[in-house]
Amino acid sequence: MQVETNDYVELKHEILDGMRSYREDLAQDGADAGYGEAEIDECERILERFLASLRNAVADGERVPSRAALDRTARAAVEQTVRALNALNARCRYNLIETDQREGLCELIRSALAEIGALRGEDDPTEDWREWGGRTSPFCRGEALGAPLRGHDDRRGSR
């Protein structure tokens, strides 16, 4: 079973490209987004590690993990990912992960978990650790999967 499909690659790129375009828009206006290309690259590495850990959880061709073992591995991967994103966002003065990114990140995490059949029935697998964004987001609860993401441009009016 492959976890990182073209959909995940597209979604990951959409999240990262939104961060880049918002930063560039602010720079054109003479403002600082609070993060740079290095932080966007770090976000990408965090997401790549998450997807790789899920691939590894189901890649053992000699044995299929039990559902409980798969859920433990997936929960640990989600916790590690969310904590790493929390720390990165804190270093960026909480400017890196806004509404659009939260929605995209939650969609990516939930979709990747669903792909391998892990943590079924959990409303929001990020909730125990997530510090970026509201706890009531329908994206994090999985109620809006498949909805299109908006760009960072939507944040301008809310700042």
State whether the side chain of E122 and the backbone N or O of L119 hold a donor-acceptor pair below 3.5 Å, judged by distance alone.
no
Before accepting this row, confirm whether a basic side-chain N of the pair R83/E79 lies closer than 4.0 Å to the acidic partner's carboxylate O.
yes
Please determine whether salt bridge (Lys or Arg N to Asp or Glu O under 4.0 Å) holds for the pair D124 and R110, giving the CA-CA distance in whole Å, both sets of side-chain angles, and the decisive distance to 0.1 Å.
CA-CA 8 Å; D124 178 2; R110 288 184 53 79; over 6 Å; no
Would you say the side-chain atoms of Q28 pair up with the backbone N or O of D25, donor to acceptor, closer than 3.5 Å?
no
L26 side chain reached by D32 side chain, heavy atoms, under 4.5 Å:
no
Apply side chain to side chain donor-acceptor pair (under 3.5 Å) to residues W129 and N86 and explain how you reach the verdict.
CA-CA 8 Å; W129 309 285; N86 288 345; over 6 Å; no
Go through it in stages, so that I can follow the logic: the residues are R23 and E37, the test is salt bridge (Lys or Arg N to Asp or Glu O under 4.0 Å), and I'd like the CA-CA distance, side-chain angles, deciding distance and then a yes or no.
CA-CA 9 Å; R23 182 177 56 85; E37 192 64 31; 2.9 Å; yes
How far does CG of L54 sit from CD1 of I116, to the nearest 0.5 angstrom?
4.5 Å
What closest approach, in Å, do A77 and F50 show between heavy atoms, and which atom pair accounts for it?
O-CD1, 3.8 Å
With a 4.0 Å cut-off, would you call D71 and R67 a salt bridge?
yes
Where do V78 and I109 come nearest, in terms of heavy atoms and distance?
CG2-CG2, 4.1 Å
Side chain proximity check, W132 to V82, heavy atoms < 4.5 angstrom:
yes
What is the distance from atom OG1 of T126 to atom CZ of R102, rounded to the nearest 0.5 Å?
9.5 Å
Residues that R49 engages under salt bridge (Lys or Arg N to Asp or Glu O under 4.0 Å), provided they are two or more places apart
none
Nearest heavy-atom neighbours spanning N95 and A33:
CB-O, 3.1 Å
Answer yes or no: is there a side-chain heavy-atom contact under 4.5 Å between P65 and R72?
no
Using salt bridge (Lys or Arg N to Asp or Glu O under 4.0 Å) as the criterion, list what pairs up with E44, not counting sequence neighbours.
none
Which atoms form the tightest heavy-atom contact between L85 and C43, and what is the distance?
CD2-SG, 3.9 Å
From CG (D100) to CD (E14), nearest 0.5 Å
9.0 Å
Ignoring hydrogens and geometry, is there a side-chain-to-backbone donor-acceptor pair from Y35 to M19 under 3.5 Å?
yes
Looking only at heavy atoms, which two atoms of N89 and I97 are closest? And how far apart?
OD1-N, 2.9 Å
Among L11, D7, L113, find the one that has a side-chain contact (heavy atoms from CB on, under 4.5 Å) with L108.
L11
Rounded to the nearest 0.5 angstrom, the CD-OG distance for Q80 and S53 is 7.0 Å
Please report the shortest heavy-atom distance between A38 and R45, naming the atom on each side.
O-NH2, 4.3 Å
By salt bridge (Lys or Arg N to Asp or Glu O under 4.0 Å) - contacts of R91 (at least two apart):
E42
